[in-house]
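First the structure, in the form of structure tokens, and then the observations on it.
Computed from a prediction, not measured in an experiment: that's the story for all the values here. Here is the naming used below: chain letters follow the sequence lines, and residue numbers restart at 1 for every chain.
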2 protein chains.
Amino acid sequence: MKSPARRKTQQRAAIHKAIERADRPVGPQEILSAAQADVPALGIATVYRNLRRLVADGILRVVELPGAPSRYELAGKEHHHHFHCRACDRVFEVDDCPGSIADLTPTGFRLEAHDITLYGRCRDCAGEGS
Amino acid sequence: MKSPARRKTQQRAAIHKAIERADRPVGPQEILSAAQADVPALGIATVYRNLRRLVADGILRVVELPGAPSRYELAGKEHHHHFHCRACDRVFEVDDCPGSIADLTPTGFRLEAHDITLYGRCRDCAGEGS
DNA sequence: TTGGATGCAAACGCTTTGCATAATT
DNA sequence: AATTATGCAAAGCGTTTGCATCCAA
């Protein structure tokens with residue numbers, strides 16, 4: 001029924017590898033650039049299509065950021081949030097999570113999920129600029 | 001120097017009024033529809049231009065939502081967060097805020113701001129559907 | 001009259017889709 | 001041979017901009 005693919009899996013593998021190597025949520029364009037190191041002819045449409053499939057398959061998770069295009073990270077990590085550096089635009093994982101989120105929910109509302117995004121400067125950028 | 005305008009301020013006033021009446025963060029399209037009740041010829045470009053100006057003037061605040069187009073609310077409110085209803089797509093204010101956010105910040109990172117978005121079903125939608 | 005604001009349409013950036021081709025089973 | 005994936009280009013969607021016109025002072 002399903003045997004290990006070869007050529008056609010090239011792009012999916014390259015895309016997966018690009019995200020894995022980044023070790024932080026990355027966007028389609030960045031993934032394209034990185035994956036083109038392995039598959040030069042790779043097109044952006046294929047990146048989007050594979051991202052969607054990888055997310056549907058539970059291999060990747062979409063990181064939706066306020067006011068910015070979505071990024072992608074490996075799924076299977078425990079619950080965490082993100083820090084968006086305003087200087088270099090990179091996004092980092094934040095392991096902890098305040099457990100008190102449910103307390104914020106207005107009466108009568110049903111809470112299903114939550115996102116927390118921190119903004120500021122990452123370690124690399126904290127010294128430079130202002 | 002500045003006298004009370006008339007015709008030309010119509011659109012800005014209509015836009016402001018639309019947001020005020022909504023009493024929750026609303027998007028450009030919804031603002032356009034509502035404001036066209038006062039100014040039928042109003043165009044979407046004018047809405048965007050006025051929104052930008054109103055934000056720059058500190059009258060409005062942009063509510064950036066993960067994976068969704070930005071909405072606008074009256075500025076001047078105290079610090080709060082938002083609840084995004086997955087059923088009706090409306091966004092509501094959440095007054096409280098866990099004060100422990102700073103604790104999440106990784107070492108060496110400089111925290112400047114944070115966003116918290118809750119997802120689920122609002123009071124109106126909590127009963128319907130699933 | 002002079003500058004700013006408006007409406008329309010074109011332009012943009014990001015994402016999705018149509019379609020013919022190429023790779024896989 | 002049948003199916004699925006790819007690349008390219010075109011289409012979509014939300015937002016911005018160019019430009020001629022209109023309004024206000």
Side-chain angles (χ1 to χ4, degrees), chain A residues 1-19 25-57 59-72 84 89 91, chain B residues 1-19 25-57 59-73 84 89-91:
Chain A
M1 229 72 273
K2 57 98 195 298
S3 47
R6 313 261 175 71
R7 290 282 85 71
K8 233 11 169 340
T9 317
Q10 243 181 227
Q11 7 277 89
R12 186 178 328 204
I15 289 167
H16 186 280
K17 184 164 70 169
I19 297 168
V26 282
Q29 215 60 53
E30 190 176 348
I31 294 168
L32 175 65
S33 303
Q36 281 181 332
D38 293 315
V39 186
L42 183 63
I44 189 66
T46 299
V47 171
Y48 277 106
R49 278 188 285 236
N50 275 284
L51 287 176
R52 209 184 322 153
R53 201 165 321 164
L54 288 163
V55 169
D57 291 349
I59 297 173
L60 295 183
R61 177 188 296 123
V62 185
V63 178
E64 295 182 325
L65 303 159
S70 297
R71 312 216 179 173
Y72 299 80
H84 192 167
D89 195 44
V91 171
Chain B
M1 232 68 276
K2 57 96 196 301
S3 48
R6 313 264 175 69
R7 292 281 85 73
K8 231 13 169 337
T9 316
Q10 243 181 229
Q11 9 276 91
R12 187 174 331 204
I15 290 166
H16 187 280
K17 184 164 71 169
I19 297 167
V26 282
Q29 214 60 53
E30 190 175 349
I31 294 167
L32 174 66
S33 302
Q36 281 181 332
D38 295 314
V39 186
L42 183 63
I44 189 65
T46 300
V47 172
Y48 277 106
R49 277 189 285 240
N50 275 285
L51 288 176
R52 211 186 318 156
R53 201 166 320 165
L54 289 164
V55 169
D57 291 349
I59 297 172
L60 296 183
R61 176 188 297 123
V62 186
V63 178
E64 295 183 326
L65 302 160
S70 297
R71 314 219 178 169
Y72 299 80
E73 64 182 7
H84 191 166
D89 196 43
R90 287 183 299 177
V91 171

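Scanning both residues, B/Tyr72 and B/Ile19, for their nearest heavy atoms gives O-CG2, 3.7 Å. Closest of all the heavy-atom pairs between B/Glu73 and B/Pro25 is OE1-CG, 3.6 Å.
The separation between B/Asp89 atom CG and D/dG14 atom P is 11 Å, rounded to whole Å. The interatomic distance linking B/Asp57 (CG) with C/dA5 (P) rounds to 10 Å, in whole Å. Distance CD (A/Gln10) to P (D/dT6): 10 Å, rounded to an integer number of Å. Rounded to whole Å, atom P of D/dG14 lies 15 Å from atom CG of B/Leu51. Taking atom CG of B/Leu65 as the reference point, atom P of D/dG14 lies 14 Å away to the nearest angstrom. One atom, CD of B/Gln36, and another, C1' of C/dC8, lie 14 Å apart when rounded to the nearest Å. The separation between A/Arg71 atom CZ and C/dC14 atom P is 11 Å, rounded to whole Å. Nucleotide C/dC12 holds its C1' atom 14 Å from the CD atom of A/Gln29, rounded to whole Å.
Taking only distance into account, the side chain of A/Arg49 meets the base of C/dG18 through a donor-acceptor pair shorter than 3.5 Å. For B/Arg12 and C/dG4, a side-chain-to-base donor-acceptor distance below 3.5 Å is absent, hydrogens and geometry of angles not being considered.
Between C/dA23 and A/Gln11, no contact under 4.0 Å exists linking OP1 or OP2 to a side-chain N or O. Contact annotation: B/Arg53 side-chain N/O to C/dA5 OP1/OP2 distance is under 4.0 Å.
DNA chain C lies under 4.0 Å from at least one heavy atom of each of the following residues of residues 40-48 of chain B: B/Ala41, B/Leu42, B/Gly43, B/Ala45, B/Thr46.
A donor-acceptor pair shorter than 3.5 Å can be found between the side chains of A/Asp89 and A/His84.
Between B/Asp38 and B/Gln10, the closest side-chain pair of non-hydrogen atoms is not below 4.5 Å. For the pair B/Val26 and B/Arg71, the minimum side-chain heavy-atom distance is 4.5 Å or more.
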*side chain to side chain contact (heavy atoms under 4.5 Å, CB included) between B/Gln11 and B/Thr46, intermediate numbers included*: CA-CA 8 Å; B/Gln11 9 276 91; B/Thr46 300; 4.2 Å; yes
Which pairs of donor and acceptor atoms, one on a side chain in residues 27-37 of chain A, lie under 3.5 Å apart (sequence neighbours left out)?
from: A/Glu30; atom 1: OE2; to: A/Arg24; atom 2: NH2; distance (Å): 2.8
from: A/Ser33; atom 1: OG; to: A/Gln29; atom 2: O; distance (Å): 3.1
from: A/Gln36; atom 1: NE2; to: A/Leu42; atom 2: O; distance (Å): 2.9

